[in-house]
There are 2 protein chains.
Amino acid sequence: MKRIAERERIPEDKLKRRVKNGSVVIVRNSERDIEPLAIGEGTRVKVNANIGTSTDTSDIDNELEKARVAVEAGTHTLMDLSIGNNIDRVRREIIKKTEIPLGTVPIYQAFIEKKVDMDPDSILNVIEKHCKDGVDFLTLHCGITRRIVERVSERLIPITSRGGSFIAAWIIKNERENPLYTEFDRILEIVKEYDVVISLGDALRPAGIHDASDWCQFQELLNMGRLTRRAREAGVPIIIEGPGHVPLNQIEMNVKLEKRLCDNAPFYVLGPLVTDIALGYDHISGAIGGALAAMHGADFLCYVTPSEHLGLPTVDDVRVGVIASKIAAHAADIVRLGDTKRDDELSKARKELDWDRIFKLCIDGRVRAEHKDLVGKKACTMCGRYCALKILEDYLKR
Amino acid sequence: MKRIAERERIPEDKLKRRVKNGSVVIVRNSERDIEPLAIGEGTRVKVNANIGTSTDTSDIDNELEKARVAVEAGTHTLMDLSIGNNIDRVRREIIKKTEIPLGTVPIYQAFIEKKVDMDPDSILNVIEKHCKDGVDFLTLHCGITRRIVERVSERLIPITSRGGSFIAAWIIKNERENPLYTEFDRILEIVKEYDVVISLGDALRPAGIHDASDWCQFQELLNMGRLTRRAREAGVPIIIEGPGHVPLNQIEMNVKLEKRLCDNAPFYVLGPLVTDIALGYDHISGAIGGALAAMHGADFLCYVTPSEHLGLPTVDDVRVGVIASKIAAHAADIVRLGDTKRDDELSKARKELDWDRIFKLCIDGRVRAEHKDLVGKKACTMCGRYCALKILEDYLKR
């Protein structure tokens, strides 16, 4: 706890209080030998990168390369969303080859193995297997209920969450309540044994700005708030997942509502994307929404890559996605924590046209490689010999 | 005026009232045969792309190609910031080969031709030449005064504005007041003859978040407010240019201050960039700041390309820069104007997995070319056969 407090630059007693009241969660499976990660109030905004095989693209080595690149680009956590190849093997390989917290979505595997014939026990077995393997946090869509599924057709796009669609399909087919909802207490028992954090998945996150902040979304959030209380009573830390596609002027409200209804549980947002039309550039749309959400209190940003809505990301998409989210997270840290040291040092280096130092301080070390001809130069090709910084320096010196 | 009102979907009388009170400006030189463009209150947020030669890179054809690509990507205006090659020729070629409003910064040419020996008359001559050539709006750094220049050394980076640094150098060398400030009335006379809009340049825009919202910046803004009134009395429309590097939590204040001090003149922001460390990705940092600024009332976004702070943009940088700004502008239009039609249509197409239509509606037509294998398919490689949209559709239908 002391080490985490130092890293986050928070007094240790304050951090402990926040962990106790649930506004900060510490992510690390007790079976795993990695640095624990704090997410939540007063800590630096964290970034997650999703990797994992699909049914169409299922090369494990490629996913491991994505993990490596995501870590290199500065992601704080990874999520393995594999649905293709040998799901157990992919997960175990990622755990073996990385040293940052890993999240999974057990319902994927449970549904893929048994489809709508899955039963509560088979789901719990998958959850337990993931915990045993060392997964640090689990996305569980416990908040979607039959009452909500009955109304999803009112939306422009009913459900875009993969886990949410699996559960909704199961609910419709079996005419029964969501097993992740009915078996919540048994789930709490399992995860508690491994110090695993539950990330309550937002099955009803809007898939387009048309459906943002609607009845389905907030009904699920209301359910999540009640589940959060039950989890805390059982001593299980909770993260709340959030949207999704949200217009700019609804982002602050969404964050404040989550904090209010879920007793300040850390908020983990996917984007949010501020328009639906930015295909190919959704990392930019997501960085806009993420920065705004984090400024207003969101604690954890799930990256969005340029290939969102188009396909499984490539290794380069992963890198760009992480960097876009890191920019959003850092922009928010500047105003949340007054964390301006690196910016100020870089500005100072810019004034001195000290390219070597500029490249050391900037967000992507690879920028140096592409612009190494600048090192030692006293200007860039933008202004050439009419560099504003240089001209002024010359005259101010006289 | 009627055509503009229709295009902007504003009642014609409302538009006329706003043009009269200066909260909307119509950009088009009377010598030019192009569609006039409205910028300001209640109109769609506009995007500008900077092109132009540098002393190091001065191929006219390359700059014309950038102009073409910027227009193709949807920029509303261009600015020619040339400081290399034959400046007159570059400007005239761009005017000849494009059909959208063009802005220039006459002080560049005035300073480059005579350096600190330039005098008020030589500056006015350049301004008049640009007006005669058909330039539609001029950036003029009229608000920077001796009193401010005396204090710029207090900043981490005194001045990053190229035009600002030229004027500051002139002020220091000649120990005289800024000629663009002292000769403001003569400037108004010249531009009025050609229906040219003045964009009051922000010589003191902060070059790093450390200097954001400081004495220098707001002293200049105060000066701009007074100049705006004088210009309006003379019947000359004014745009106000704004920062620069600004932390997330100062953006709303900056916009509101500009609207208050400059009697609701359209606000034209460069970015703002929400962190200094995003070199190589400043289009993302700028899109975050631009979306937030536009949501709060900024009317006109100057693009920032990935090569900002690193060099003159390439053709591809220009394209990406325009698209990033268009995303920010559109995200703001969604909440300013309720402009959700295209988003909703795209969401509907997504629900139907109608890729052909998705590609027609998305922000960059080129995305289709890179993903044309999706057309006709009922899923993408992200989820493969476990597509959330498809699974739910199947079960909801039963």
Side-chain angles (χ1 to χ4, degrees), chain A residues 54-57 83 153 156-162 165 168-169 172 208-210 247-249 274-281 284-285 287-288 291 295 310-312 323-324 327 330-331 334-335 342-344 346-347 351 362-364 367 371 380-386 388 391-392 395-396, chain B residues 54-57 83 153 156-162 165 168-169 172 208-210 247-249 274-281 284-285 287-288 291 295 310-312 323-324 327 330-331 334-335 342-344 346-347 351 362-364 367 371 380-386 388 391-392 395-396:
Chain A
S54 144
T55 53
D56 294 0
T57 311
I83 52 170
S153 298
L156 194 53
I157 300 179
I159 294 181
T160 189
S161 152
R162 195 155 62 190
S165 78
I172 294 168
I209 55 168
H210 181 274
L248 280 173
N249 62 346
V274 294
T275 167
D276 308 332
I277 68 170
L279 270 76
Y281 302 86
I284 297 178
S285 177
I288 293 171
M295 169 169 79
L310 291 167
L312 207 65
I323 289 172
I327 290 170
H330 178 65
I334 287 172
V335 304
R342 193 165 156 195
D343 295 80
D344 295 347
L346 194 142
S347 289
K351 188 196 172 184
C362 75
I363 200 153
D364 179 11
V367 170
H371 296 272
C380 76
T381 56
M382 174 72 96
C383 302
R385 63 175 177 275
Y386 297 110
I391 284 173
L392 208 70
Y395 280 90
L396 286 173
Chain B
S54 143
T55 54
D56 295 1
T57 311
I83 52 170
S153 298
L156 194 53
I157 300 180
I159 294 180
T160 190
S161 153
R162 195 156 61 191
S165 77
I172 294 168
I209 55 168
H210 181 275
L248 280 172
N249 62 347
V274 294
T275 167
D276 308 332
I277 68 169
L279 270 76
Y281 303 85
I284 297 177
S285 177
I288 294 171
M295 168 169 78
L310 291 166
L312 207 66
I323 289 171
I327 290 170
H330 178 65
I334 286 172
V335 304
R342 193 166 155 195
D343 295 79
D344 294 347
L346 194 143
S347 289
K351 187 194 173 186
C362 75
I363 199 154
D364 179 10
V367 170
H371 297 271
C380 77
T381 57
M382 174 72 96
C383 301
R385 63 175 177 275
Y386 297 109
I391 284 173
L392 207 70
Y395 281 89
L396 286 174

Only one of B:Val274, B:Asn249, B:Ile209 passes side chain to side chain contact (heavy atoms under 4.5 Å, CB included) with A:Val335; say which it is. B:Asn249
Closest non-hydrogen contact found for A:Ala168 with B:Leu392 is CB-CD1, 3.4 Å
Indicate the atoms forming the closest heavy-atom contact of A:Arg162 with B:Ala388, along with that distance. CA-CB, 3.9 Å
Does any part of the side chain of A:Ile277, heavy atoms only, come nearer than 4.5 Å to the side chain of B:His330, both counted from C-beta? yes
Between the CG atom in B:Leu156 and the OG atom in A:Ser347, the distance rounded to the nearest 0.5 Å is 5.5 Å
Is any side-chain heavy atom of A:Thr381 closer than 4.5 Å to one of B:Thr55? no
To check you understand the geometry: which heavy-atom pair defines the closest contact between B:Tyr281 and A:Ile323, and what is its length? OH-CD1, 3.4 Å
What option among A:Gly384, A:Gly311, A:Ser285, A:Gly208 has the most heavy-atom pairs under 4.5 Å with chain B? A:Gly311
Could you tell me whether the side chain of A:His210 reaches within less than 4.5 Å of the side chain of B:Asp343, counting heavy atoms only? no
Answer with side chain, backbone, both or neither: which region of B:Ile83 has an atom nearer than 4.5 Å to a non-hydrogen atom of chain A? both
Chain A contact via B:Leu248 - side chain, backbone, both or neither, heavy atoms under 4.5 Å: both
Can you say whether A:Ile159 sits under 4.5 Å from chain B via the side chain, the backbone, both, or neither, judging by heavy atoms? both
At what distance, to the nearest 0.5 angstrom, does OH of B:Tyr386 lie from OG of A:Ser165? 11.0 Å
Which bit of A:Ile391 is near chain B, if near means a heavy-atom gap under 4.5 Å: side chain, backbone, both or neither? side chain
Between CD1 on residue B:Ile327 and OG1 on residue A:Thr275, distance to nearest 0.5 Å: 7.5 Å
Is there side-chain contact between B:Cys380 and A:Leu310, with at least one heavy-atom pair below 4.5 Å? no
